[in-house]
Amino acid sequence: MRAPGPCAECGAGGAARYRCPRCGSAYCSVPCCRTHRERCAPDARREREAAGQGPLPAPAAGAPEDIPSEEEEQDRVPPQRLQLLGESEELRELLRNPHLRQLLLALERARDKSSVLRQLMQEPLFVEFADCCLGIVEPPEEKENVLPE
């Protein structure tokens with residue numbers, strides 16, 4: 001297992017546990033990630049290789065960023081289930097609603113997604129959308145907080 005290097009944003013030594021998927025720069029926290037994301041161009045990987053730095057090294061097997069935590073593993077949705085979202089007529093019908101589309105765009109563009117998401121969860125239309133998505137990707141036997149009939 002390799003030791004984390006210094007953060008490219010704040011310089012904290014041995015703290016960079018995460019890597020930018022675009023350019024490979026290492027950073028240590030969400031604030032550093034946000035700072036880096038603002039500066040990172042989509043073609044940063046090509047610039048890195050053109051500068052003679054070569055492609056990104058492959059992470060070592062068992063490195064901390066390769067091992068999902070138990071919480072992350074629970075929240076992971078298999079790709080087959082995600083594909084069901086695209087096949088759902090009920091979800092397509094909801095997404096035809098211009099108000100819902102505006103809400104989703106606002107969430108996508110928001111800097112502080114968690115606070116916007118908290119606000120959106122007060123909107124009945126957004127809650128209906130979220131419930132529909134969860135109903136598609138979550139099998140009935142795994143649903144939580146469902147009262148028995």
Side-chain angles (χ1 to χ4, degrees), residues 1 4-12 15-49 55-149:
M1 188 153 72
C7 177
E9 296 303 317
C10 70
R17 297 181 356 204
Y18 310 102
R19 289 204 173 275
C20 173
R22 291 181 183 163
C23 69
S25 291
Y27 49 87
C28 66
S29 63
V30 172
C32 286
C33 174
R34 287 184 183 143
T35 302
H36 177 75
R37 197 177 334 157
E38 289 173 5
R39 294 185 306 109
C40 185
D43 55 349
R45 182 180 297 267
R46 278 182 272 143
E47 291 172 11
R48 176 183 169 90
E49 290 176 4
L56 294 173
E65 60 266 22
D66 293 342
I67 302 170
S69 70
E70 187 175 318
E71 185 176 303
E72 289 172 330
E73 191 63 37
Q74 279 182 323
D75 291 339
R76 198 169 286 198
V77 177
Q80 301 85 356
R81 293 267 168 98
L82 290 176
Q83 198 167 14
L84 295 175
L85 291 171
E87 299 168 3
S88 169
E89 191 55 44
E90 181 185 2
L91 185 57
R92 276 196 198 121
E93 189 60 38
L94 280 171
L95 289 170
R96 287 186 183 105
N97 185 316
H99 181 59
L100 177 61
R101 294 169 71 113
Q102 288 299 318
L103 295 175
L104 292 170
L105 282 173
L107 178 61
E108 176 65 28
R109 294 176 180 153
R111 290 183 65 99
D112 184 9
K113 294 187 187 320
S114 61
S115 70
V116 172
L117 189 57
R118 265 187 248 110
Q119 291 172 344
L120 290 177
M121 290 306 289
Q122 304 302 311
E123 289 276 342
L125 179 60
F126 187 83
V127 172
E128 182 181 356
F129 165 75
D131 286 345
C132 180
C133 291
L134 288 173
I136 294 166
V137 298
E138 223 178 63
E141 68 273 2
E142 290 183 20
K143 286 186 181 178
E144 297 175 6
N145 301 326
V146 176
L147 293 174
E149 294 182 23

Engineer: The criterion is side-chain contact (heavy atoms from CB on, under 4.5 Å); which residues satisfy it with Q102, sequence neighbours excluded?
Structural biologist: L105

Engineer: State which residues pass side-chain contact (heavy atoms from CB on, under 4.5 Å) with R92; sequence neighbours excluded, sorted by chain then number.
Structural biologist: E89, R96

Engineer: List the residues meeting side-chain contact (heavy atoms from CB on, under 4.5 Å) with P98, not counting sequence neighbours, and say none if there are none.
Structural biologist: none

Engineer: Can you see which heavy atom on A26 is nearest to which on P6, and at what distance?
Structural biologist: CB-O, 4.2 Å

Engineer: Sort and list the pairs that fulfil ring-ring contact (aromatic ring centres under 6.0 Å, His included) and have at least one residue in residues 78-122, not counting sequence neighbours.
Structural biologist: none

Engineer: Run the side-chain contact (heavy atoms from CB on, under 4.5 Å) test against A8 and tell me which residues pass, sequence neighbours left out.
Structural biologist: S25

Engineer: Using the salt bridge (charged side-chain N to carboxylate O under 4.0 Å, His left out) rule, collect all pairs that involve residues 103-114, keeping only residues at least two apart or in two chains.
Structural biologist: E38-R111

Engineer: List, one per line, each side-chain donor-acceptor pair under 3.5 Å for residues 119-137, sequence neighbours excluded.
Structural biologist:
none

